[in-house]
Amino acid sequence: MTTSVEQQNGSVGTTAATTNASSSRTTPAPAMAPAEKPKKISGMDFKRWQQKMFFYLTTLSLQCFISEDVPVLGEETPENERFVVTEAWKHSDFLCKNYILSCLEDGLYNVYSVMETSKELWNALEKKYKTEDVGLKKFVAVQFLDFKMVDSKSVITQVQQLQVIVHDLLAEGMVINEAFQVAAFIEKLPPLWKDFKNYLKHKRKEMTLEDLIVRLRIEEENKAAEKKSRGNSTIMGANIFEEASTSKKRKKSMQPSQNPREWWIDSGAAQHVCANKKLFTSYAPAGPNETVFMANSATA
């Protein structure tokens, strides 16, 4: 009787040892401090959510269950041992699966809660959203290729919009080096920037994207200042033109046969040219050192 108990105890001891060895992969190692639980995903930013979820499961020592099937033990393994190992695996897999499900929005939870194992659930999510990621890559690539700057908006604002698209491309794993980005940004400058675009394209020194943006910012500020200056000149020129028109009306009342084609449109210049000096109410000959500046800064 005693011998029988000893043999039975020995058998149990052996079984326990075998079970521990066989189920080492199903028994979680001591867990590290759990990471912050990922926020529930609604379908956006799956790749980022997936990385956070994997790390969270790792801190719980459950990450292996998203890639493993239920262990299959050989026929030589006693039936009670197979039962213990299988049940231990199912328990851990159940925990893993429900940790994942708890991080899905209610709509997604209802769809994926029917999955039987963590691996099946993980693969189903990956298949769905990786397919969508391919579509997203194409969408972002088309956005980048079709993006065209317009003259009616600030160039710097449009550059920032283009930078956001480039960031999305890089986030999708597409490789775009800086030299290509610089060339693309220059090529997409609006029509009124044609001269500056050609200047940039023929620069021999290679620019960084940051250098390009600084140059564009300076050029845009210069264009704004020039436009403001032209606006002030136009207002001044309009006042002069109004005075000339009044003088013309007085002159026209005395000379009904006056030819209107001899009057030129005022350009806002400080000095003016007229085809017929008789149209002026008064004038004086220019001195020998008098100079007229043309629009291109040449003198006459």
Side-chain angles (χ1 to χ4, degrees), residues 146-165 181-300:
D146 288 349
F147 190 96
K148 292 179 181 178
M149 297 188 198
V150 294
D151 291 310
S152 59
K153 296 181 181 178
S154 161
V155 163
I156 292 300
T157 300
Q158 294 177 89
V159 164
Q160 290 169 346
Q161 292 172 347
L162 197 53
Q163 282 182 292
V164 171
I165 296 175
Q181 292 180 46
V182 170
F185 280 41
I186 292 174
E187 195 59 40
K188 291 178 181 294
L189 289 172
L192 290 181
W193 287 62
K194 180 180 178 182
D195 292 339
F196 194 69
K197 181 196 294 188
N198 290 335
Y199 161 74
L200 292 173
K201 287 167 71 174
H202 289 90
K203 279 187 67 64
R204 292 184 178 180
K205 185 178 179 181
E206 190 171 307
M207 287 185 293
T208 64
L209 190 58
E210 185 178 353
D211 291 337
L212 173 63
I213 293 173
V214 169
R215 286 177 177 272
L216 293 177
R217 192 182 298 278
I218 292 172
E219 181 65 14
E220 186 161 61
E221 289 173 355
N222 290 340
K223 284 180 180 293
E226 185 181 342
K227 185 177 180 180
K228 184 177 180 181
S229 176
R230 281 202 307 270
N232 292 337
S233 297
T234 301
I235 293 172
M236 187 183 299
N239 293 334
I240 296 172
F241 187 73
E242 184 177 354
E243 292 176 7
S245 297
T246 304
S247 175
K248 174 187 173 184
K249 288 177 182 178
R250 288 200 302 268
K251 203 73 175 177
K252 188 173 183 181
S253 64
M254 295 183 291
Q255 299 179 0
S257 60
Q258 177 64 47
N259 182 1
R261 287 180 297 176
E262 292 184 350
W263 277 89
W264 295 5
I265 294 175
D266 183 88
S267 65
Q271 301 189 47
H272 310 282
V273 179
C274 182
N276 186 353
K277 67 182 181 181
K278 293 179 181 178
L279 297 178
F280 289 97
T281 56
S282 63
Y283 64 89
N289 296 325
E290 192 77 16
T291 301
V292 177
F293 285 86
M294 304 302 173
N296 63 353
S297 299
T299 58

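Quick caveat, the model's predicted, so the values are computed rather than measured.
- Side-chain contact between Gln163 and Gln181 is absent, with no heavy atoms from C-beta onward closer than 4.5 Å.
- With hydrogens and angles disregarded, a donor-acceptor distance shorter than 3.5 Å links the side chain of Glu220 to the backbone of Val155.
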List the steps, then state whether side-chain contact (heavy atoms from CB on, under 4.5 Å) holds for Lys194 with Asn198. CA-CA 6 Å; Lys194 180 180 178 182; Asn198 290 335; 4.0 Å; yes
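- For the pair Glu206 and Val182, the minimum side-chain heavy-atom distance is 4.5 Å or more.
- Taking CD of Glu226 as the start and NZ of Lys228 as the end, the distance is 14.0 Å to the nearest 0.5 Å.
- Across all their heavy atoms, Met207 and Ile186 have their closest contact at CE-CD1, 4.0 Å.
- Here Asp195 contributes atom CG and Leu200 contributes atom CG; the two are 11.0 Å apart, rounded to the nearest 0.5 Å.
- Within 6.0 Å of NZ in Lys153 there are 12 or fewer heavy atoms belonging to other residues, nucleotides or ligands.
- The shortest heavy-atom contact between Val150 and Pro190 is C-CB, 3.6 Å.
- Taking the side chain as every heavy atom from C-beta outward, Ile165 and Gln161 never approach each other to under 4.5 Å.
- Atoms CD and CG, on Gln158 and Leu189 in that order, are 9.0 Å from each other to the nearest 0.5 Å.
- Within the model, atoms NZ of Lys223 and CG of Leu192 stand 7.0 Å from one another, a figure rounded to the nearest 0.5 Å.
- In this structure the side chain of Met149 reaches within 4.5 angstrom of the side chain of Val159, judged on heavy atoms.
- Distance check: Asp211 CG to Leu216 CG gives 11.0 Å after rounding to the nearest 0.5 Å.
- A 4.5 Å side-chain heavy-atom check between Arg215 and Tyr199 finds at least one atom pair inside the cut-off.
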